[in-house]
Amino acid sequence: MSALRLISNRTSQQALSNSDYTWEYEYYEYGPVSFEGLKAHKYSIVIGFWVGLAVFVIFMFFVLTLLTKTGAPHQDNAEPSEKRFRMNSFVADFGRPLESERVFSRQIAEESQSLFHFCINEVEHLDKAKKSQKGPGLESNTHFQEVPRSSGMFEEDLNCPTKFNIPNFVNTEQNSSLGEDDLLISEPPIILESKSVMQSSHRILD
Amino acid sequence: ENISDFSLNITDCTQVVVPEEVFFTVAAAGILENLLVLIAVVRNKNLHLPMYFFICSLAISDMLGSLYKTLENIFIILCKMGYLTRRGDFEKKLDDAMDSMFILSLLGSIFSLLAIAADRYITIFYALRYHNIMTLRRALVILAIIWTFCAGSSIAIALFSYEAATVIPFTILFPLMMFFILCLYVHMFLLARSHAKKIASLPTSTVHQRTNMKGAITLTIFLGVFLCCWAPFVLHILLARFCPHNPYCACYMSIFHVNGTLIMCNAIIDPMIFAFRSPELRSTFKKMFCCAR
């Protein structure tokens with residue numbers, strides 16, 4: 001960190017007549033830096049660095065946007081429900097996540113239903129075990145919005161916990177332990193509701 | 001004495017000076033904000049959770065960074081006014097201590113961000129077992145290990161800062177960590193995308209692309225802010241070590257104070273994008289201020 005001292009001492013030198021160069025470090029004794037014959041602009045490193053940084057950040061943003069495009073082909077017809085989904089989280093009955101998940105499970109393929117119910121039960125057990133620790137309860141349940149037909153793209157084992165892992169932004173914000181409601185996004189979580197709840201919220205919104 | 005004269009004539013790129021008022025305001029704002037976050041987490045029992053402890057760790061590193069800059073400026077002012085001698089051993093040791101505080105802050109920030117990303121990763125991919133994997137005690141142990149390692153490294157780096165062997169690992173650590181954090185978040189994003197696809201394929205549901213766009217924006221902000229605030233300084237260290245005589249490098253090094261101010265801006269922005277995102281923490285703040293009045 002002698003560089004720090006070097007530069008900060010230089011700054012203070014400009015204000016002082018006496019210098020701080022006695023904090024000796026070898027390369028404090030620079031020879032004069034000659035500014036003759038510069039081919040490029042003298043601030044070229046500064047400009048190049050900041051332009052490079054900006055380009056990198058923008059590139060990263062585009063890569064992330066591309067990564068997160070859903071790309072589902074039949075998505076166009078049901079477009080405006082996104083807002084409803086957002087409002088769903090506001091009007092959602094937070095007290096009945098388990099029930100809604102049970103209802104929801106009827107909509108899914110049978111082969112995953114049993115697994116789903118099994119997982120619900122397991123979560124119930126986990127939940128009861130953990131209820132004392134947490135203020136807002138049923139936090140584990142709130143993970144359960146993953147469609148059980150999930151590809152399991154990231155989990156090789158068919159373990160219940162790993163199969164039904166869900167990104168935070170589709171969780172209900174029941175508890176602080178699981179993180180903010182907007183882990184990755186800044187909008188409220190999307191909740192998958194039973195049909196009846198969705199219809200009622202459509203009425204609220206429309 | 002000649003050197004001081006040289007230093008004034010030495011470069012056409014004069015030091016870009018940030019006014020002291022701006023400096024101190026930014027530093028004070030950063031310290032206050034992070035202190036508020038710490039107080040809020042301590043006071044609210046609901047926030048005694050691993051995730052908030054990691055956010056607190058980030059707040060502490062940010063506070064240390066701002067504190068370092070403030071102390072350094074005060075130090076220079078005291079030297080200007082003549083209260084401190086410039087040749088003393090005491091000042092040298094003080095300077096060493098401050099440098100190590102700064103490196104501690106940088107390393108602490110990096111590792112705190114890493115811990116936050118890992119915590120979120122576990123929350124997503126091991127959701128049901130999260131409470132078993134990330135207990136409070138384990139979180140505290142992890143934090144203790146992180147801070148011990150950072151403290152040790154910072155002291156070592158400050159003592160041996162003239163060695164290339166310390167500068168190079170230090171500057172390699174920075175992009176390496178950023179890359180790792182990026183990978184964690186990208187993996188989470190991929191899961192989010194697959195999940196969104198599943199939702200979209202349901203007959204009565206859909207997902208709007210804007211949802212994912214916001215995720216991309218948020219993550220870009222996370223990492224972009226950290227990069228933009230710390231990378232200029234890390235580059236400064238590299239250039240100061242390897243090409244101090246080059247005129248281009250010297251011109252880059254002349255904006256050192258701006259880089260320092262950027263680091264303090266990072267301390268101000270970090271609570272906004274991490275801590276204040278949580279509704280629980282925001283409500284704690286409101287309660288704190290309402291009760292104070």
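This structure is a prediction, so every number in the text was calculated from the model and none was measured. In what follows, chains are A, B, ... by sequence order, proteins preceding strands, each numbered from 1.
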Discussion item. Less than 4.5 Å to any heavy atom of chain A: does that hold for the side chain of B:Leu239, its backbone, both, or neither?
Written reply: side chain

Worksheet item: Can a donor-acceptor pair be found between the side chains of B:Asp119 and B:Tyr130 at a distance below 3.5 Å?
Response: yes

Worksheet entry | chain A contact via B:Leu227 - side chain, backbone, both or neither, heavy atoms under 4.5 Å | both

Worksheet item: Relative to chain A, which segment of B:Ile116 carries a heavy atom at a distance below 4.5 Å: side chain, backbone, both, or neither?
Response: neither

Worksheet entry | B:Phe274/B:Phe222 aromatic ring centres below 6.0 Å | yes

Discussion item. Quick check for you: among A:Ile47, A:Ile58, A:Val46, which has the greatest number of heavy-atom pairs under 4.5 Å with chain B?
Written reply: A:Val46

Discussion item. Please report whether the ring centroid of B:Tyr252 lies less than 6.0 Å from that of B:Tyr248.
Written reply: no

Item to complete: Apply the test side-chain contact (heavy atoms from CB on, under 4.5 Å) to residues B:Ile55 and B:Val41: give CA-CA distance (whole Å), side-chain angles for both, the deciding distance (0.1 Å), then the verdict.
Response: CA-CA 9 Å; B:Ile55 289 181; B:Val41 171; 5.9 Å; no

Worksheet item: Can you say whether A:Phe62 sits under 4.5 Å from chain B via the side chain, the backbone, both, or neither, judging by heavy atoms?
Response: neither

Worksheet item: Should the pair B:Phe102 and B:Tyr68 be assigned to parallel (<30°), tilted (30 to 60°) or perpendicular (>60°) ring geometry?
Response: tilted

